[in-house]
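In what follows, a single structure is set out as structure tokens and then discussed.
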Amino acid sequence: MTQTFALTPHTKPPVPPEQFEYKDLKQGEFWRHIPAYAEVDEATFLDHLWQQRQSVKTAEELLETIRGVCSSEFYADAEEGFRQAPMAVRVSPYAIALIDWSDPIDDPIRRQFIPLASALLPDHPRLTLDSLHEQQDSPLPGLVHRYVDKALFLPLAVCPVYCRFCTRSYAIGPDTENVDKITLAQTPKQWQEAFAYIASRPELEDIVISGGDVYQLAPKNIELIGNALLDIPHLRRLRFATKGPAIMPMKLITHTEWLDALTSIVERGRKCGKEVVLHTHFNAPEEITWITQKAMRLLFERGIFTRNQSVLIRGVNDTRERMQLLTKRLGHINVHPYYVYMHDMVKGVEELRTTIATAVDTEKFVRGSTAGFNTPTFVCDAPGGGGKRDVHSYEYYDRENGIAVYAAPSVKPGQAFLYFDPIDQLGAEAQARWSAAGIAEQMIREAIDNAGLENDQLVLA
Ligand SMILES: *Cc1c(COP(=O)(O)O)cnc(C)c1O
Ligand code: SF4
């Protein structure tokens, strides 16, 4: 028997105006409300050299710039925050101008770059400085070869800004009061050694060129590195990774030589059948303004495919609505959201981390709100060198005590990798358990047992 269904048209109700917030980018000369930039015209603000020169590179300079816009309590709080921070300081005028100085404490851009002593939380007892164990997967300075067919090339240690949450705070930026940095490949001789290693490993197909940040590479070095890698026959894919477009988008508009250098590598790659793309690092929807839109349009016109990697950061993008807004806004400027990372377990930024449960919940909400190829995968770069894992793929998750156990069968078979939720986000009883001697080790052992994996080494480390 066949059944027939009457076709009734279902009219979707019109969507409320707030659904279009992602298209509503900051316009005009928004920087002029900062006293230090009140007289700065558009041509000057868009000049990448001006942005670089005016970037504040010490806590004192930053504090001088914002003195006129913040309260003396905030000023003192930030001053003490910088004294305790493991990262160096560098903030672009673009980023400073985007901070809502009427409410700097809760501002998503302030949270990423300016530490406040009053907000700092004690580190999780399982935190280490190089939580990803990059140094253990490093055959020579400036190269991390963890996965079989791809490697991370770190040709420099400087960035256009220094992010408080940086994974590589063990290496990036100048030494700080609390951290003596190790060295990455910073000289052309070290670059040549990295190229020789890559050329000697036929299994490598894919190189991430990061740092530091490729925004700080001179155009001739973009070409030198790009061409040297394109010359290696077994390489199929290159990605240039930069935070730049998120905090200094005008460079793409006014530093023509830099964009031309990147374009020449992308075009040469295309001619020899190799993919060369740009990876950006936008975290907050507010980072995307009319200037960003104009910059990303230039990349799009030149056929430079762009993907974004974000970090899930408390108070920046860790709610369903904020992450959905960021995702839609990235799609709107032709950037494909690629990954959202769990915040790495790095020191001194505990108040920025979120729980695995938050990531799982946020992911479920974001998926389905736009094109699948514009929907990021939420990953946990498992501490201890397991590599990126889909946040949903834990073998076991003790939500109460905030312990997630991941396996990485194709990267480090047979090992367990643990991620720990920030303790202040747990219930009172779980918080007490973490501070009682001996109990923590037992909870971790139980989680690993429940996951059915073994890793005595990690537990005893
Ligand atoms: C993230 C990363 C890569 C690239 O991984 P994808 O998942 O392909 O983006 C390569 N090497 C290292 C060490 C990494 O951390
Ligand atoms: S730009 Fe990237 S490498 Fe540099 S400090 Fe920020 S997160 Fe770290």
Side-chain angles (χ1 to χ4, degrees), residues 55 57 85-92 95 109 112-113 130-139 142-174 176 179 181 184 198 201 203-217 236-248 275 277-283 287 307-311 313 316 336-344 346 348-349 352 376-390 408 410-412 417:
S55 286
K57 295 176 197 71
M87 274 304 275
V89 180
R90 191 171 209 167
V91 193
S92 61
I109 296 176
Q112 294 181 70
F113 303 110
D130 172 18
S131 83
L132 302 182
H133 289 204
E134 289 192 334
Q135 293 175 64
Q136 288 172 20
D137 279 323
S138 181
L143 201 67
V144 184
H145 187 186
R146 165 170 305 147
Y147 304 93
V148 174
D149 78 345
K150 55 193 178 188
L152 186 58
F153 176 41
L154 309 170
L156 75 171
V158 288
C159 303
V161 283
Y162 292 119
C163 313
R164 296 182 52 211
F165 48 87
C166 183
T167 300
R168 296 196 191 99
S169 56
Y170 67 87
I172 299 299
T176 61
V179 182
K181 312 280 165 163
L184 304 175
I198 295 167
R201 303 301 300 232
E203 73 272 32
L204 282 174
E205 297 201 337
D206 180 348
I207 305 295
V208 183
I209 306 143
S210 181
D213 194 295
V214 299
Y215 236 43
Q216 302 307 106
L217 284 174
R236 308 287 310 146
R237 294 174 290 280
L238 306 183
R239 353 175 180 166
F240 285 92
T242 173
K243 175 87 186 162
I247 48 76
M248 206 186 281
E275 181 188 86
V277 304
L278 192 71
H279 276 201
T280 59
H281 179 180
F282 291 94
N283 288 328
E287 290 158 3
R307 302 190 188 106
N308 188 66
Q309 311 195 147
S310 299
V311 178
I313 307 174
V316 173
H336 280 210
Y338 174 37
Y339 279 146
V340 175
Y341 288 81
M342 285 308 292
H343 195 300
D344 286 319
V346 290
V349 282
L352 298 180
T377 304
F378 285 59
V379 292
C380 178
D381 206 340
K388 301 169 189 69
R389 300 283 99 198
D390 186 322
S410 63
V411 186
K412 305 252 160 93
F417 296 95

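Remember, it's 1-based here, ligands and their atoms both numbered in the order they're listed. Because only heavy atoms are used, hydrogens play no part in the values below, and waters and symmetry mates are left out as well, while side chains stay in.
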Within reach of ligand 1, part of H145 (heavy-atom separation under 4.0 Å): neither

With heavy atoms only and a cut-off of under 4.0 Å, state how R239 meets ligand 1: side chain, backbone, both or neither.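 The side chain, only.
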
Measure from atom 3 (C) of ligand 1 to every heavy atom in Q309, K388, R146 and give the option owning the shortest one. K388

Would you check the N or O atoms of [X], main chain and side chain alike, for any that come under 3.5 Å of an N or O of ligand 1?
| X | result |
| --- | --- |
| Y339 | yes |
| D206 | no |
| Y341 | no |

Where ligand 2 meets [X] - atom numbers and elements under 4.0 angstrom, heavy-atom basis:
| X | answer |
| --- | --- |
| K243 | 1 (S) |
| C159 | 1 (S), 3 (S), 4 (Fe), 5 (S) |
| G212 | 3 (S) |

Within a distance under 4.0 Å of any heavy atom of [X], pick out the atoms of ligand 1 and give their elements.
| X | result |
| --- | --- |
| Y147 | 2 (C), 3 (C), 10 (C), 11 (N), 12 (C), 14 (C) |
| Y338 | 6 (P), 7 (O), 8 (O), 9 (O) |
| V144 | 13 (C) |

Nearest non-hydrogen partners of N308 and F282, listed with the distance: OD1-N, 2.6 Å

How far apart are the C-alpha atoms of R239 and V208, what are their side-chain angles, what is the distance that settles it, and do they pass the side-chain contact (heavy atoms from CB on, under 4.5 Å) test? CA-CA 5 Å; R239 353 175 180 166; V208 183; 3.8 Å; yes

Counting only heavy atoms, which portion of C163 has something under 4.0 Å from ligand 2: side chain, backbone, both, or neither?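 For C163, the contact with ligand 2 is made by both the backbone and the side chain.
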
Evaluation steps, side-chain contact (heavy atoms from CB on, under 4.5 Å), between K243 and C159: CA-CA 8 Å; K243 175 87 186 162; C159 303; over 6 Å; no

OH-OG distance between Y341 and S310, expressed to the nearest 0.5 angstrom: 10.0 Å

Between CD1 of I247 and OH of Y215, what distance do you get to the nearest 0.5 Å? 6.5 Å

Would you please test R307 and H279 for side chain to side chain donor-acceptor pair (under 3.5 Å) and show each step? CA-CA 5 Å; R307 302 190 188 106; H279 276 201; 3.0 Å; yes

Under 2.8 Å from atom 8 (Fe) of ligand 2 - does any N, O or S atom of C166 fall there? yes

Presence of salt bridge, K412 and D137, under 4.0 angstrom: yes

Looking at D206 and K150, is there a salt bridge between them, counting it only when a charged N and a carboxylate O are closer than 4.0 Å? no

Whether N283 side chain and V311 backbone form a donor-acceptor pair below 3.5 Å: yes

